[in-house]
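Only one structure is covered here, and it is reproduced in the block below.
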There are 2 protein chains.
Amino acid sequence: MIYVKVYSERNRFMPVERPWLKLRRLLKAELRWGPGLGAEVEGAVLQQKLATIEDVAAMAGVSIATVSRAINEPTKVADATRRRVIDAIARTGYTTNAMARSLRMRRSNMILILAPDVGDPNFSNILVGLETEASKRGYGLLIGNTQNDPSRETDYLRFISSNQADGLILFTGHLPFGLAQSPTEARLPPMVAVNEPVLGQDIPFVGVDNFEGARVAAEHLISQGHRRIAFVGHAPNREINRLREEGYRAALGGAGIQIDPRLIIDGDGTTESGRAAAELMFVRDALPTAFLCVNDATAMGVIIALNARRYDLPRQFSVMGFDDISFASFITPSLTTMKQPRHRMGEAAMELLLTLLAGEKPKSREVLLRAELILRNSVSRPGN
Amino acid sequence: MIYVKVYSERNRFMPVERPWLKLRRLLKAELRWGPGLGAEVEGAVLQQKLATIEDVAAMAGVSIATVSRAINEPTKVADATRRRVIDAIARTGYTTNAMARSLRMRRSNMILILAPDVGDPNFSNILVGLETEASKRGYGLLIGNTQNDPSRETDYLRFISSNQADGLILFTGHLPFGLAQSPTEARLPPMVAVNEPVLGQDIPFVGVDNFEGARVAAEHLISQGHRRIAFVGHAPNREINRLREEGYRAALGGAGIQIDPRLIIDGDGTTESGRAAAELMFVRDALPTAFLCVNDATAMGVIIALNARRYDLPRQFSVMGFDDISFASFITPSLTTMKQPRHRMGEAAMELLLTLLAGEKPKSREVLLRAELILRNSVSRPGN
DNA sequence: ATAAATCATGAAAACCTTTACATCATCGGA
DNA sequence: TCCGATGATGTAAAGGTTTTCATGATTTAT
């Protein structure tokens, strides 16, 4: 059904002659550039108003269509003409108005980044990778800090729905609230989840292989001779924690080590949870020789607790983290950990999103990068 | 002078009748919405094409001008009409196309952030403040990572010159290369420098009062009884270092303490420079009782060096930093330092920029916030 | 009762591009 | 010599807003 407006008779206005509007348009060029531009070429950039494609066209003596082509499809214009246009562009200091272009092309060359906490150093390093790849391909980055607030998530989606952004990078681990209700995926904007996958939805994902990384970490401890290895950060409803714990279990299982359930300790990934976990070990009186922590923050908590109890690390206890956050190397003892390739994660995620955006089929909708074992001083052979 | 195009006779084309173009426009609404929208209201959002203001107008039975007014100046339309429009907006799922709006309004409600290193945690915390204030005022943030590369700086300026961003927040401490040559400030886009001022140019600035902060820090050490206080991070051509050293000198001068020039040590603010500085002290054999460091990274270097030499901190040496970076509390001993109000800096900078953007006169073109003394465990009375 | 001010609304311009369609010139081949 | 293909370029139509000016109707002031 088409909605048709029916005007009442009294409302059917007749257009009025307003010749000055036309006149204004004709005078525009002069109003803009003022007299003397031709002579004072250098002065062009001094004008307050920006040059438009029309100014360039007039100066080069061609139509605006030709100017546009000279810029966007240079092969389609004759050499001599192109030179004139380029010259005119230089003289006027013309820059394409991105708004007009976006309006016409229906794409903005902008990507919206939705992150729960922009201040998180883990995030900001990935951001650098995202930025590298985006700017290489001529895309700009728009950042949205949601603080896990659904209303802020919805709010930021306006950039998508208002055409201000073409695609979406998700750090939040869940669909933004405004999109969550959509029954099918068909209407979702192009997006890629990074760092944390979106569960239950088939959203393209770029992240680190947490299972494999944790397995490598645990195997390193085993290779050093540890048998009683605690896992700090049990949280089965958090995907990252769950996968890392799986990796830990796989490694121990592979080495034929029975896991003492008292060595699996809850933790939400904060430094404080690590500290509490270590204390709990002493209460339980079921001490391990090594702590494999779900992340570096947790590991730092463990180390702080052990230091406070005056243990000599790593002689009496080994500790491993995961992430390689920036101060992992500064704590005493410096932390042996699994390094996340954050820069590459960012690049890979942006690459995947831009592929999607171009309408091409990506090689794979899930990219898992390997974490790298970083050897420092928080791990040694047990029982010295 | 107006550039006038003179067409040769052969080029004066006559427009051709192409009635289908008109037809296409007339059919647009139906093509877009398909049949049955009226009946299937909930289905409106399911259409691929987004609703435009015209669709809303048709559905509400008013002109697009009235729809625009109902949205932007609600008081200017009659109550009954406004309700109809709002209803139609809800039914179509209409969102204003930001590109069209920006094109027309000549402003994008976007702010470009130019930072040398987006991954720097110091930066990212300020960013959170910027974001808070910006999103409160309906502005979006566009980030540009320049890595101090002039060509990247110039490149990012395209967002300004193409109207994709209305204003600029500068973290770089200098004008972006593309703007640097401009002889007068008149042509600079609205911008605010944050964290580091732009020297030699009258650019509005928001930062911390480095002089005052360093003075408070030094006075704290003096109040603990220290007299031989080293300053680590002498670098007179860096504004921040210079000011903090001035504050240190002012405090010592105020307390009547002669400064031993051997206690002033070069440093570029890196952890490594702190470590080297501490080593140098031992070489010079002119040991202080306390180290006032130009920033926390330097202080960490000093602490690492002293720990490595098996000194007992803070009993044998006190160390103070500046910044309160996130791991200042995790190193042993935890670092007494001056906390930068980063969140507030971000907010204040954005507030200042938006004031400028609104064409209003700001209260002050320079905002200096006070750093806060954070007492931890790296400072004690000397000579125990 | 009439003139003047106010109110609600519409038509069309303006913002600045890109691009579909059209035109003319030129060149190569028959 | 003529015809078709190709190449260079122009015209005008989108693209979706906001806003100026105009119009009648209604209210207020005289």
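Each chain gets a letter, A, B and so on, in the order the sequences are listed, and its residues count up from 1. Quick caveat, the model's predicted, so the values are computed rather than measured.
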* Test side-chain contact (heavy atoms from CB on, under 4.5 Å) applied to Val67(B) and Ile86(B), Ile53(B), Thr52(B), Asp55(B), the passing residue -> Ile53(B)

* For Asn109(B), what residues pass the side-chain hydrogen bond (donor to acceptor under 3.5 Å, both in side chains) criterion, not counting sequence neighbours? -> Arg107(B)

* Asked: Taking OP1 and OP2 of dG15(D), is either one under 4.0 Å from a side-chain nitrogen or oxygen of Asn97(B)?
  -> no

* Structure fact -> Among the nucleotides dT19(D), dG15(D), dT9(D), whichever has the atom closest to the side chain of Arg106(A) is dG15(D)

* Asked: For Arg83(A), what residues pass the side-chain contact (heavy atoms from CB on, under 4.5 Å) criterion, not counting sequence neighbours?
  -> Asp79(A), Ala80(A)

* To do: Please list, chain by chain and in numerical order, all residues satisfying side-chain hydrogen bond (donor to acceptor under 3.5 Å, both in side chains) with Arg101(A), sequence neighbours excluded.
  => Asn72(A)

* Can you sort out the partners of Glu351(A) under side-chain contact (heavy atoms from CB on, under 4.5 Å), two or more places apart, ordered by chain and number? => Glu133(A), Arg137(A)

* Classify the nucleic acid contact of Thr96(B) as base, sugar-phosphate or nothing, counting any heavy atom under 4.0 Å across all strands shown. => sugar-phosphate

* **Met105(B) or Arg82(B), whichever maps to the more 5' nucleotide of DNA chain C** => Arg82(B)

* Checking only heavy atoms, does the side chain of Arg104(B) share a donor-acceptor pair with the base of dT17(D) at less than 3.5 Å? -> no

* **For Ala349(B) against Val194(B), the heavy-atom pair lying closest together** => CB-CG2, 3.9 Å

* All side-chain hydrogen bond (donor to acceptor under 3.5 Å, both in side chains) counterparts of Arg158(A), not counting sequence neighbours -> Asp155(A)

* Whole angstrom is fine here: how far is it from CD in Glu73(B) over to P in dT17(D)? => 16 Å

* So, is Thr66(A) near the phosphate of dG10(D), with a side-chain N or O under 4.0 Å from OP1 or OP2? -> yes

* Starting at atom CG of Asp55(A), determine the distance to atom C1' of dC15(C), rounded to an integer number of angstrom. => 13 Å

* Give Thr95(B) one of three labels, base, sugar-phosphate or nothing, depending on what nucleic acid heavy atoms sit under 4.0 Å from its own. => sugar-phosphate

* To do: Could you tell me the separation between the NZ atom of Lys76(A) and the C1' atom of dT6(D), rounded to a whole number of Å?
  => 13 Å

* Establish, with yes or no, whether the OP1 or OP2 oxygen of dT9(C) is under 4.0 angstrom from a side-chain nitrogen or oxygen of Thr81(B). => yes

* Asked: Rounded to the nearest Å, what distance is computed from the CD atom of residue Glu54(B) to the P atom of nucleotide dA11(C)?
  -> 11 Å

* When the C1' atoms of the five terminal pairs at each end define the local axes, what inter-axis angle does the helix from dA1(C)-dT30(D) to dA30(C)-dT1(D) show, to 10 degrees? -> 40°

* Structure fact -> Whole-Å distance, Ile64(B) CD1 to dG10(C) C1', equals 10 Å

* May I ask you to verify if any side-chain N or O of Asn163(A) is less than 4.0 angstrom from the OP1 or OP2 atom of dG16(D)? => no

* Counting distance only, does the side-chain N/O of Thr154(A) pair as donor-acceptor with the main-chain N or O of Pro150(A) below 3.5 Å? -> yes

* dG10(C), dA12(D), dT17(D): which one has an atom nearest the side-chain heavy atoms of Ala100(B)? -> dT17(D)

* Asked: Just checking Ala78(A): base, sugar-phosphate only, or nothing, at a heavy-atom cut-off of under 4.0 Å?
  -> sugar-phosphate

* To do: State whether the distance check finds a donor on one side and an acceptor on the other, under 3.5 Å, for side chain Arg101(A) versus base dT17(C).
  => no

* **Nucleotide dT18(D), atom P - distance to CZ of Arg69(B) in whole Å** => 11 Å

* Asked: CD1 of Ile71(A) versus P of dT17(C): gap in Å, rounded?
  -> 8 Å

* Rounded distance (Å) that lies between atom P of dG15(D) and atom CG of Leu103(B) -> 14 Å

